[in-house]
There are 2 protein chains.
Amino acid sequence: MNIQSRSQKSPRTDEEVIRSCGLFRGLDDTQRAVLTSMAVRKRFKQGTPIFVQEEACPGLFVVDHGLVRVFRLAPNGQQHVLHLCGPGQTFAEVAAIGGFALPACADAAQPAGCVMIPTDRLQQELALNHQLCRQLLTGMAFWVRHFVQLLEDIALRDAMGRVTRLLYDSPCDASGRIQLPGAKKDLANHLNLTSETFSRVLRRLAEQGVIEFDQDRSVHVIDAQQLEQLSGQSQNTDQ
Amino acid sequence: MNIQSRSQKSPRTDEEVIRSCGLFRGLDDTQRAVLTSMAVRKRFKQGTPIFVQEEACPGLFVVDHGLVRVFRLAPNGQQHVLHLCGPGQTFAEVAAIGGFALPACADAAQPAGCVMIPTDRLQQELALNHQLCRQLLTGMAFWVRHFVQLLEDIALRDAMGRVTRLLYDSPCDASGRIQLPGAKKDLANHLNLTSETFSRVLRRLAEQGVIEFDQDRSVHVIDAQQLEQLSGQSQNTDQ
DNA sequence: CGCGACTTTGAAACCTGTCAACTCCGGTGG
DNA sequence: CCACCGGAGTTGACAGGTTTCAAAGTCGCG
């Protein structure tokens with residue numbers, strides 16, 4: 001499990017937010033300054049829609065604080081949570097860079113503040129700035145790889161496998177406590193499970209002594225080794 | 001349904017193959033010439049492994065003729081078919097561009113010929129060539145969008161929805177005949193179904209008069225309207 | 001306090017995977 | 001030429017995991 005590094009304070013400068021973002025890691029100060037100069041601040045109250053799919057993309061968003069829920073809406077009203085974006089993560093990058101309509105919706109799962117780089121200014125900069133292009137290109141490649149893994153998880157793992165993998169990949173503090181981001185129903189949906197199944201799996205893990213519930217939506221990992229083992233395999237309970 | 005455009009002859013020059021490829025659409029002649037100069041020919045007999053996941057990426061592949069199966073292998077031996085690549089399609093682009101290990105395996109589902117652009121030469125070129133960078137950047141963005149759709153399909157649709165969508169999106173000739181690419185078991189696996197379920201769904205569609213089987217692995221669409229309707233919705237058989 | 005959203009829990013229904021048998025087809029070798 | 005074989009595809013019966021439905025419990029908030 002990853003050890004949570006910094007605990008971020010809310011008021012950060014645009015430059016700090018952009019620097020904290022994985023997608024822009026590798027840019028030098030000059031490059032970042034260019035992006036910072038284009039940045040626009042956005043704030044969203046909990047539950048507020050940020051954008052709707054099929055619309056033109058307003059820009060590339062970097063989360064400063066809070067939690068953003070990116071989800072895809074099917075014609076019949078079903079929705080699937082693609083990402084829960086916390087501080088330092090980006091969303092709508094793909095549409096902003098590719099220059100097409102938004103493939104998904106987003107709203108604020110918790111009160112959230114973002115830095116937005118408008119699509120047109122980003123495009124202008126991309127036309128001139130070779131280094132930025134390359135940086136985003138490799139960033140995008142990582143992004144695809146991430147999706148391939150997500151796809152594999154949903155396709156090849158059963159409920160237990162998906163949940164344990166989520167826990168195993170989640171950041172935790174030094175004592176092994178994991179703060180679940182967002183509501184359980186959103187997490188469950190992201191794993192393509194119902195909240196009921198999610199709940200049941202968690203209980204089974206607790207009964208087996210692998211985890212314990214703390215109050216306040218946090219989970220304490222007791223048997224990290226078994227958790228790893230469970231998250232490593234998939235389907236078939238054999239062996 | 002898309003109308004199949006050209007039927008390609010096998011022997012094409014490297015330049016023609018690269019031009020036919022969606023990822024490189026938008027490049028001018030000079031740019032394409034640069035890529036062509038780096039190109040290496042590869043041929044694979046049916047069933048031959050092309051590469052194995054976790055290896056270093058040899059290069060970016062463009063399919064000239066035949067069919068390539070790209071799939072991910074889980075630790076327990078299960079596999080999931082990510083793509084069936086026909087003529088004009090690329091694979092291993094992500095790893096070649098991002099410069100990391102291959103996230104998936106590939107083999108020849110049918111005898112196949114490919115044009116390969118070696119990773120190191122591609123990287124060299126990307127370092128210098130701004131236009132190529134931009135082109136691949138937007139290409140990559142489309143690629144991500146494609147994955148989001150694939151994810152949505154598998155997450156939000158039931159077996160009937162996935163199969164009808166496959167049929168609806170498949171290229172057909174003017175009379176509405178669809179040539180299924182590759183073996184049914186591979187197609188089924190790509191949709192995250194077993195071949196048994198795939199077969200049953202197809203039969204149900206035939207019983208309802210939506211499609212008819214021709215011999216020779218091809219399908220004749222009778223009621224395109226109903227097919228569209230079925231492919232548009234998901235889960236729940238209601239209405 | 002009381003409403004509403006989230007979570008938990010149980011029972012039943014459903015879809016899909018698994019297992020097994022059978023057919024069909026192409027290739028091999030006697 | 002034909003018997004034999006193995007892989008792909010079809011079909012049926014069955015089991016199992018998840019969803020669905022329903023109800024009760026919990027938490028936060030006006």
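Sequence lines set the chain letters: A, B, ... in the order given, protein chains first and strands last, and positions in each chain run from 1. Bear in mind that the values here come from a model prediction, so they are computed numbers and not experimental data.
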Can you tell if the side chain of A:Trp143 reaches within under 4.5 Å of the side chain of A:Leu23, non-hydrogen atoms only?
no
Without decimals, in angstroms, what is the distance between B:Asp158 CG and D:dT20 C1'?
14 Å
Looking at A:Arg200 and D:dG17, is any side-chain donor or acceptor paired with a base atom of the opposite kind under 3.5 Å?
no
Just by modelled atom types, is the A:His65 backbone N or O under 3.5 Å from a matching donor or acceptor in the A:Arg12 side chain?
no
Between CG of B:Asn189 and P of C:dT18 the distance, given in whole Å, is 11 Å
Ignoring hydrogens and angles, are the base of C:dC6 and the side chain of A:Glu196 linked by a donor-acceptor pair under 3.5 Å?
no
side-chain N/O A:Thr197 vs D:dT19 OP1/OP2, d < 4.0 Å
yes
Assign B:Asn192 to base, sugar-phosphate, or nothing according to its heavy-atom contacts below 4.0 angstrom with the strands shown.
sugar-phosphate
Just wondering, are more than 12 heavy atoms of other shown residues or ligands nearer than 6.0 Å to CD in B:Glu207?
yes
Using atom CD1 of B:Ile154 as one end and atom P of D:dT18 as the other, report the distance to the nearest whole Å.
16 Å
Could you state the atom-to-atom distance from CD of A:Gln46 to P of D:dC27 in whole Å?
18 Å
Under 4.0 Å between a side-chain N or O of B:Arg203 and OP1 or OP2 of D:dT10?
no
Output the rounded distance in Å from CZ (A:Arg157) to P (D:dT18).
13 Å
Could you tell me the separation between the CG atom of A:Leu205 and the C1' atom of C:dT8, rounded to a whole number of Å?
16 Å
In whole Å, I'd like the distance from the CG atom of B:Leu193 to the C1' atom of C:dT18.
15 Å
Out of C:dT8, D:dT20, C:dT18, minimum distance to the side chain of B:Thr194 belongs to C:dT18
Picking from C:dG10, D:dG9, D:dT19, which would you name as closest to the side chain of B:Lys185?
D:dG9
Treating A:Asn189 as the side-chain partner and A:Val81 as the backbone partner, does any N or O pair qualify as donor plus acceptor under 3.5 Å?
yes
When rounded to whole Å, the NZ to P distance for the pair A:Lys184 and D:dT26 reads 14 Å
Check each of B:Thr90, B:Val115, B:Ile50 against B:Phe61 using the side chain to side chain contact (heavy atoms under 4.5 Å, CB included) test, and report the only one that passes.
B:Ile50
